[in-house]
Amino acid sequence: MRIVVLTGAGISAESGVPTFRDDGGLWEGHRVEDVATPEAFARDPLTVQRFYDARRRAAASARPNPAHLALARLERRLGDDLLVVTQNIDDLHEQAGSTRVVHMHGRLDTALCEACGARMPVPGDLADDATCPVCGARALRPDVVWFGERPYELDRIDLALAACDRFVAIGTSGAVYPAAGFVLTAAGFGAATLELNLVESEVSLLFDEVRHGLAGMLVPAWVDEVLQAIGPGTP
Ligand code: BJW
């Protein structure tokens, strides 16, 4: 059984990482257009760098919750037949033990040089005007995907969506494309679709099945179901 799981900010909420659009979410203090567009970065790089530096420091103490751990358990059973596509820029899936993870909106722990295109581990706070170790330019930015930029690894994601038997979206509002459209792609290729979310998302109606509750409860229960269905033998 081939499964693609799409995760959003809701899966990390119980690890203490704020979501974007819920009450008390990240954008309460910062308007999304002030920090998540290339234009905003060009206009006020220091504010944007400080915003991501603060999130990086906060994320460093976050630990995976039962939802991340359950997906890692599923990967141990399914191997290459499970792909986790995350919109999150934290590393909680990796901390939990998942290895087949696509970070379609980038990562907090890498930096991107706008001058030469090199990617590297973040050398420290980027607001400190860090220098690119490859070309020497003071042009490092967070390696994240802002509005209007092309998300990472879309070709790999499309192939996985076309080949999967099940598509599951966990803790994502369905407000941001192309991720919000993955359910239609997967369904169009014949996959069964399931949404796990605290409440209705903007695209709930597109799923075959919707379950409401905390990811930390819903995901382990769903993983148990899948493991029981495929049994202890070959995946
Ligand atoms: C829980 C829970 C718990 C809470 N348990 N659940 C008009 C129409 C269609 C598209 C467009 C349009 N105009 C422009 C576009 C495109 C644009 C877009 O989508 N705009 C929308 C505003 C309409 N998209 C883009 O620009 C993208 N690029 C693009 O399209 O390139 C063109 C292209 C495409 C394809 C091929 C070639 C070219 C880029 C989008 C980049 C998004 N970037 C951000 C910031 C990343 C860096 C960072 O983290 O700072 O990504 S924005 C932000 O939103 C972040 C997230 O990954 C993303 C999605 O948010 P998410 O994860 O869904 O979080 P929330 O907070 O919205 O929702 C949390 C959910 O969890 C809620 O549902 C809760 O209920 C739930 N929840 N606790 C379970 N405990």
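Note that the structure is a prediction, hence the values are computed from the model and not measured. Side-chain atoms are counted along with the backbone in the values below, which use heavy atoms only and exclude waters and symmetry mates. Atoms within a ligand are numbered from 1 in the order they appear, just like the ligands themselves.
Scored by the ring pair (Phe, Tyr, Trp, His ring centres under 6.0 Å) test, His103 finds no partners at all (sequence neighbours excluded). Not counting sequence neighbours, Arg166 has no partner by the side chain to side chain donor-acceptor pair (under 3.5 Å) test.
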Derivation and outcome, salt bridge (charged side-chain N to carboxylate O under 4.0 Å, His left out), residues Arg21 and Glu202: CA-CA 12 Å; Arg21 295 172 182 83; Glu202 294 191 19; over 6 Å; no
- request: List the steps, then state whether side chain to side chain donor-acceptor pair (under 3.5 Å) holds for Asp53 with Gln49.
  value: CA-CA 6 Å; Asp53 285 342; Gln49 296 284 28; over 6 Å; no
message: Show, in sequence, the C-alpha distance, side-chain angles and deciding distance for Arg50 and Asp125, and conclude whether the salt bridge (charged side-chain N to carboxylate O under 4.0 Å, His left out) test is met.
response: CA-CA 8 Å; Arg50 283 185 178 145; Asp125 278 0; over 6 Å; no
message: Assess the residue pair Glu225 and Arg211 against the criterion (salt bridge (charged side-chain N to carboxylate O under 4.0 Å, His left out)); give the C-alpha distance rounded to whole Å, side-chain angles, the decisive distance to 0.1 Å, and a yes or no.
response: CA-CA 14 Å; Glu225 273 172 37; Arg211 299 181 191 174; 3.1 Å; yes
message: Working note: Arg119 + Asp143, criterion salt bridge (charged side-chain N to carboxylate O under 4.0 Å, His left out); need CA distance, chi angles, decisive distance, verdict.
response: CA-CA 8 Å; Arg119 291 199 163 75; Asp143 185 17; 3.1 Å; yes
task: Given side chain to side chain donor-acceptor pair (under 3.5 Å), test Thr86 with Thr7 step by step and report yes or no.
output: CA-CA 5 Å; Thr86 188; Thr7 64; 2.7 Å; yes
Gln87/Thr172 under side chain to side chain donor-acceptor pair (under 3.5 Å): CA gap, chis, key distance, verdict: CA-CA 9 Å; Gln87 298 167 88; Thr172 177; 2.9 Å; yes
field: Verdict with supporting geometry, Thr99 and Glu75, side chain to side chain donor-acceptor pair (under 3.5 Å)
entry: CA-CA 8 Å; Thr99 61; Glu75 186 193 281; 2.7 Å; yes
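Polar contact check, Pro151 against ligand 1: no nitrogen or oxygen pair lies under 3.5 Å apart. Polar contact with ligand 1: present for Leu198 (N/O pair, distance under 3.5 Å). Between Leu154 and ligand 1, no N or O atom pair is found at a separation short of 3.5 Å. Ligand 1 has an N or O atom lying under 3.5 Å from an N or O atom of Gly171, backbone or side chain. For ligand 1, the polar-atom distance check against Thr172 finds a nitrogen or oxygen pair separated by under 3.5 Å. Some N or O of Ala9 is nearer than 3.5 Å to an N or O of ligand 1, by distance alone. Polar contact with ligand 1: absent for Gly8 (N/O pair, distance under 3.5 Å). Taking any N or O of Ser201, backbone or side chain, none lies under 3.5 Å from an N or O belonging to ligand 1.
At a heavy-atom distance under 4.0 Å, no atom of Ala179 approaches ligand 1. At a heavy-atom cutoff of 4.0 Å, ligand 1 is contacted by the side chain of Glu14 but not by its backbone.
Within the structure, ligand 1 has Arg55 among the residues with a heavy atom less than 4.0 angstrom away.
Close approach of ligand 1 to Glu149 (heavy-atom distance below 4.0 Å) involves ligand atoms 27 (C), 28 (N), 29 (C), 31 (O), 39 (C). The Gly148 neighbourhood of ligand 1 comprises atoms 25 (C), 26 (O), with distances under 4.0 Å to a heavy atom of that residue. Shown in contact with Ala13 at under 4.0 Å from a heavy atom are these atoms of ligand 1, numbered in order with element: 78 (N). Atoms of ligand 1 found under 4.0 Å from any heavy atom of Val199, numbered from 1 in the order shown, are 75 (O). Taking a cut-off of under 4.0 Å to the non-hydrogen atoms of Gly213, the atoms of ligand 1 that pass are 5 (N), 79 (C). Shown in contact with Ala175 at under 4.0 Å from a heavy atom are these atoms of ligand 1, numbered in order with element: 21 (C), 22 (C), 23 (C). Per-residue contacts place Leu214 under 4.0 angstrom from the following atoms of ligand 1 (heavy atoms of the residue considered): 5 (N), 80 (N).
Closest heavy-atom approach to atom 68 (O) of ligand 1 within the set Ser173, Ala215, Ala180: this belongs to Ser173. Of the options Val144, Asp155, Val176, Val145, the smallest heavy-atom separation from atom 45 (C) of ligand 1 is shown by Val145. Considering each of Tyr177, Trp146, Tyr52, the one bringing a non-hydrogen atom nearest atom 47 (C) of ligand 1 is Tyr52.
Closest approach of Ile11 and His68 over heavy atoms only: O-CE1, 3.2 Å.
With respect to Leu6, the side-chain contact (heavy atoms from CB on, under 4.5 Å) criterion is satisfied by exactly one of Val168, Val85, Val183, Val84: Val85.
In this structure, Glu94 pairs ionically with Arg107, as a charged nitrogen and a carboxylate oxygen lie closer than 4.0 Å.
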